[in-house]
Amino acid sequence: MAAGAARLVGRLGLLVGRRARNYGRMGYSDSAPSRGPEYTTDLAEATVSLTSKQPLPVYRVLSAGGEMLDPSQDPGLPGETVVRMYEKMVGLCQVDQQLYKAQRMGLISFYMTSYGEEATHFGSAAALHEKDMVYAQYREPGVLLWRGFSLDQMVDQCFNNRHDLAHGRQMPVHYGSPEHYFQFISSPLATQMPQAPGYAHGLKQAGSDNCVIVYFGDGAAQEGDAHAAMNFAATLKCPVIFFCRNNGYAISTPVEENYKGDGLAQRALGYGMEGYRVDGNDVLAVYNVTKKARELVVDEGAPVLIEAMTYRLGSHSTSDDQTGYQDMSEVKDWRERYFPRDRLRGYLQSQGLWDQEKEDELVSVTNETIRSAIKRARAEKKPSLEHMFTDVYDVPPLRLRRQKEEVQAMVAKYPEHFPTASHE
Amino acid sequence: MAGRLARSLLQRRFGQRLPVRLASGEAYVPEKPPVEGKTENMKLVHAINNALDIAMETDSTAAIFGEDVGFGGVFRCSANLRDKYGSNRVFNTPLSEQGIVGFGIGLATQGSTAIAEIQFADYIHPAFDQVVNEAAKYRYRSASHYHCGPLTVRAPYGAVGHGGHYHSQSVEGFYAHVPGIKVVIPRGPSQAKGLLLASIRDQNPVFFFEPKWLYQAAAEEVPVADYELPLSKAEILQSGSDVTVLGYGSQIQILRQACEMAQSELGVSCELIDLRTILPWDEDTVIQSVCKTGRLVVSHEAPLTAGFGAELAATVQAECFNHLEAPIQRVCGWDTPFPLIFEPFYIPNKVRCFDAIRTVVDY
Ligand SMILES: Cc1ncc(C[n+]2csc(CCOP(=O)(O)OP(=O)(O)O)c2C)c(N)n1
């Protein structure tokens with residue numbers, strides 16, 4: 001860890017050696033004078049200089065076309081694991097396309113694709129232990145798919161039918177699954193971030209070998225909660241991986257209008273934790289970095305920050321139109337040069353693990369699975385009205401039970417004013 | 001481009017289908033212009049945009065900021081304003097609501113007119129400390145030597161058909177509990193324009209909540225001139241003799257329908273009042289009306305318990321006790337989080353309001 005920190009410190013060109021280790025003390029402690037700062041009469045030495053700061057490079061393993069750039073960085077995964085990554089990635093791409101279309105047809109009320117960011121999901125998920133707890137933002141459904149959440153389950157949630165684990169109470173894409181160690185998604189940005197170190201602290205106290213991963217966007221990283229989260233995690237030594245998907249935009253707002261420093265990874269230093277910057281469209285690089293991060297987190301019981309550089313190829317959601325604010329030639333460039341699915345496919349083909357026949361078969365089977373899932377999910381009843389009132393508390397209070405009776409009486413009295421037929 | 005974006009953003013955010021309440025025939029009823037002069041047909045979103053434009057035009061210190069406002073805002077309320085007034089006066093902020101409100105307080109304290117947008121009322125909570133402990137107490141704690149009066153915070157609020165927990169909430173109750181700020185909620189385009197201009201120019205921090213399901217669904221003739229409508233003044237929209245029906249914001253459209261239903265099905269004459277300003281609210285108009293009718297039905301989308309209806313009912317029973325013919329009825333959201341798929345059962349819809357009117361009349 002110390003070596004890593006020193007490397008980062010060296011890159012920043014801000015602080016060196018012993019001074020770097022002392023930055024936490026602020027020089028004001030009487031109780032431990034031996035750990036106070038070094039003093040200097042040279043202001044240049046005591047300057048955090050923007051001019052000497054180097055941008056942190058981006059770690060990658062595969063070329064844009066999918067060739068292994070440096071064999072020493074090959075994670076050495078069994079072929080079948082990499083193929084599985086690819087199959088799941090295709091599943092996500094296809095379900096994104098079809099649910100997006102379903103929204104356009106008015107079948108579901110809302111949707112968000114992960115278009116272009118798929119490698120961040122599968123690369124990180126594959127490097128985790130399956131019982132590591134996940135706190136997601138909303139654009140990480142691939143993590144769930146990797147763990148075995150089915151396309152059918154995704155579709156049921158988006159149709160808010162009676163099979164949705166949260167009884168249709170939340171908007172589409174707000175998945176969650178205890179079976180897959182995945183907390184339910186909450187729309188307010190960054191709220192999950194300080195919760196993650198809390199959960200991690202609990203795991204650590206309980207002597208667990210598991211850790212926590214929390215995903216967030218470059219926009220969410222600007223919320224006060226993001227700061228609290230990282231500072232708590234570092235100060236309280238919580239085994240949590242902070243995984244930032246830096247996709248260039250927060251709805252219409254480009255990163256340049258969200259922060260002025262060199263991205264997110266370098267913030268790690270300010271909090272006193274290790275940080276990495278990785279090519280988020282290179283699934284194997286994301287795998288390597290997350291694996292390394294997990295080792296650190298679990299061995300040292302302290303947090304790590306990963307910044308995955310990627311690009312949002314689609315609109316933010318079905319509510320907006322990217323052509324109004326995104327440079328479409330930039331989008332085209334990212335699509336053509338760095339699309340994670342093509343890149344991984346290039347790698348698999350170069351290893352003799354994939355071919356056109358397999359591709360055609362996979363796409364047609366996946367599409368058929370999704371089509372029939374949509375057909376089925378659409379016909380399903382919505383959850384029972386009962387569930388408007390369950391789970392507000394562990395046990396419904398009397399006042400709430402009375403309100404339930406009141407709404408039931410109202411529905412019975414004016415049936416034509418309530419869509420009861422579509423509910424279970 | 002703006003037109004296409006406006007369409008796509010709004011229609012797509014809320015789907016191709018009409019919100020449930022519109023689908024059930026409760027369409028917006030256009031109103032007569034509140035002031036004389038030339039008018040233009042405007043949707044709620046255009047009326048807000050027009051008010052912002054006038055505020056910027058008439059006050060060179062005015063600035064508009066928030067998440068995604070630069071390209072016009074996710075609801076298009078600030079469309080074209082960055083092109084017109086420049087990016088020093090209309091700009092995106094980093095994504096932080098506490099930052100937006102705190103920044104606005106500072107800007108307003110300096111003397112500039114600060115017009116902040118919070119993307120959804122549901123997302124104003126990270127700024128709660130800045131609102132409750134700062135904006136609301138700034139004037140009091142510095143004996144008016146400093147104040148942040150030129151601050152206005154706008155946010156879309158309320159049910160929309162498919163917003164679920166976090167794109168549907170009515171948050172006025174939290175802020176109605178905070179002396180030192182004003183809370184205003186318009187019911188339609190021409191009201192919104194006049195009330196927003198008054199809010200922006202008022203020398204107290206104002207929280208202005210806009211009914212998002214009406215952004216595109218409500219259209220009427222709106223005066224093109226610069227005009228203000230008074231804050232802390234309720235409006236009697238329809239006078240009547242049997243029951244006072246009280247609400248604000250988009251709920252007024254529902255209450256109109258309920259009043260019509262009461263008239264046609266029960267022959268009951270309702271007096272419909274739009275509170276317009278939630279804090280500080282117009283007690284006199286409401287009290288006079290209830291002393292006349294002897295019955296009160298209050299309605300809001302926010303949950304029943306400790307909602308603003310409780311304040312209204314408590315004040316009215318104290319002031320009109322001898323005139324009351326029936327217990328005051330509150331028709332509100334239930335005491336649960338806002339539940340996506342159960343929205344038609346959750347909201348205080350037309351029949352629930354009608355049923356409450358029937359209850360007070362039959363009492
Ligand atoms: C507290 C809060 N404020 C505002 C929003 C509205 N909103 C939803 S997503 C979003 C942009 C998020 O961008 P980023 O974190 O970069 O993630 P991305 O969507 O790019 O994956 C905004 C502003 C919200 N959901 N929560």
Turns out that what part of A/Ser422 lies under 4.5 Å from chain B's heavy atoms comes down to neither
Heavy atoms, side chains only, cut-off 4.5 Å: are A/Ile251 and B/Val74 in contact?
-> yes
What part of A/Thr420 is in contact with chain B, defined as an atom under 4.5 angstrom from a non-hydrogen atom: side chain, backbone, both or neither?
-> both
Rounded to the nearest 0.5 angstrom, the CG-CD distance for A/Asp225 and B/Glu97 is 9.5 Å
Could you tell me whether the side chain of B/His165 reaches within less than 4.5 Å of the side chain of A/Met171, counting heavy atoms only?
-> no
Of the backbone (N, CA, C, O) and the side chain (C-beta and beyond), which part of A/Thr390 lies under 4.5 Å from a heavy atom of chain B, both, or neither?
-> neither
Can we call the ring centroids of B/Tyr166 and A/His174 under 6.0 Å apart?
-> no
In this structure, are over 12 heavy atoms from other groups packed under 6.0 Å from A/Phe389 atom CZ?
-> yes
To the nearest 0.5 Å, atom OG1 of A/Thr253 lies from atom CG of B/Leu95 at 7.0 Å
Locate the shortest heavy-atom distance separating B/Phe71 from A/Ser252; write the atom from each residue and the value.
-> CD2-OG, 3.1 Å
Minimum heavy-atom distance between B/Ile341 and A/Pro383, given as atom pair plus value = CG2-CD, 4.0 Å
With a 4.5 angstrom heavy-atom cut-off, could you sort out which part of A/Met410 is near chain B: side chain, backbone, both or neither?
-> side chain
Could you check if a side-chain atom of A/Met388 sits within less than 4.5 angstrom of a side-chain atom of B/Tyr346, using non-hydrogen atoms only?
-> yes
Quick one: does B/Asp122's side chain have a donor or acceptor within less than 3.5 Å of a partner on A/Pro188's backbone?
-> no
Output for pair (A/His417 NE2, B/Asp355 CG), nearest 0.5 Å, gives 10.5 Å
Tell me, side chain or backbone of A/Ala226 under 4.5 Å from chain B's heavy atoms, or both, or neither?
-> neither
Here the gap from B/Gln119 atom CD to A/Leu189 atom CG, rounded to the nearest 0.5 Å, amounts to 8.5 Å
Which portion of B/Thr93 sits near chain A, non-hydrogen atoms under 4.5 angstrom | backbone
From OG (B/Ser96) to NE2 (A/His227), nearest 0.5 Å = 11.5 Å
Under 4.5 Å from any heavy atom of chain B - which part of A/Leu385 | both
May I ask you to test the B/Leu304-A/Arg399 pair for a side-chain heavy-atom distance under 4.5 Å?
-> yes
Contacting moiety of A/Val411, where chain B heavy atoms sit under 4.5 Å | side chain
Minimum-distance pair of heavy atoms, taken over all atoms of B/Gln98 and A/Gly224 | OE1-CA, 3.3 Å
Could you grab the distance from atom NE2 of B/His167 to atom OG of A/Ser319, nearest 0.5 Å is fine?
-> 7.5 Å
By a 4.5 Å heavy-atom criterion (distance strictly below it), what part of A/Pro397 contacts chain B: side chain, backbone, both, or neither?
-> neither
Between A/Tyr259, A/Tyr414, A/Tyr393, which residue shows the highest count of heavy-atom pairs closer than 4.5 Å to chain B?
-> A/Tyr414
When the ring planes of A/Phe418 and B/Phe345 are compared, do they come out parallel, tilted or perpendicular, using 30° and 60° as the limits?
-> parallel
If we only count heavy atoms from C-beta on, is the B/Asp335 to A/Val392 side-chain gap below 4.5 Å?
-> no
A/Glu406: side chain to side chain donor-acceptor pair (under 3.5 Å) partners, not counting sequence neighbours = none
Taking every heavy-atom pair that is under 4.5 Å apart, which of A/Lys404, A/Lys413, A/Lys382, A/His423 has the most such pairs with chain B?
-> A/His423
Heavy atoms of other groups near B/Phe65 CZ, more than 12 under 6.0 Å = yes
Determine, using ring centers only, whether A/His167 and B/Phe342 are less than 6.0 Å apart.
-> no
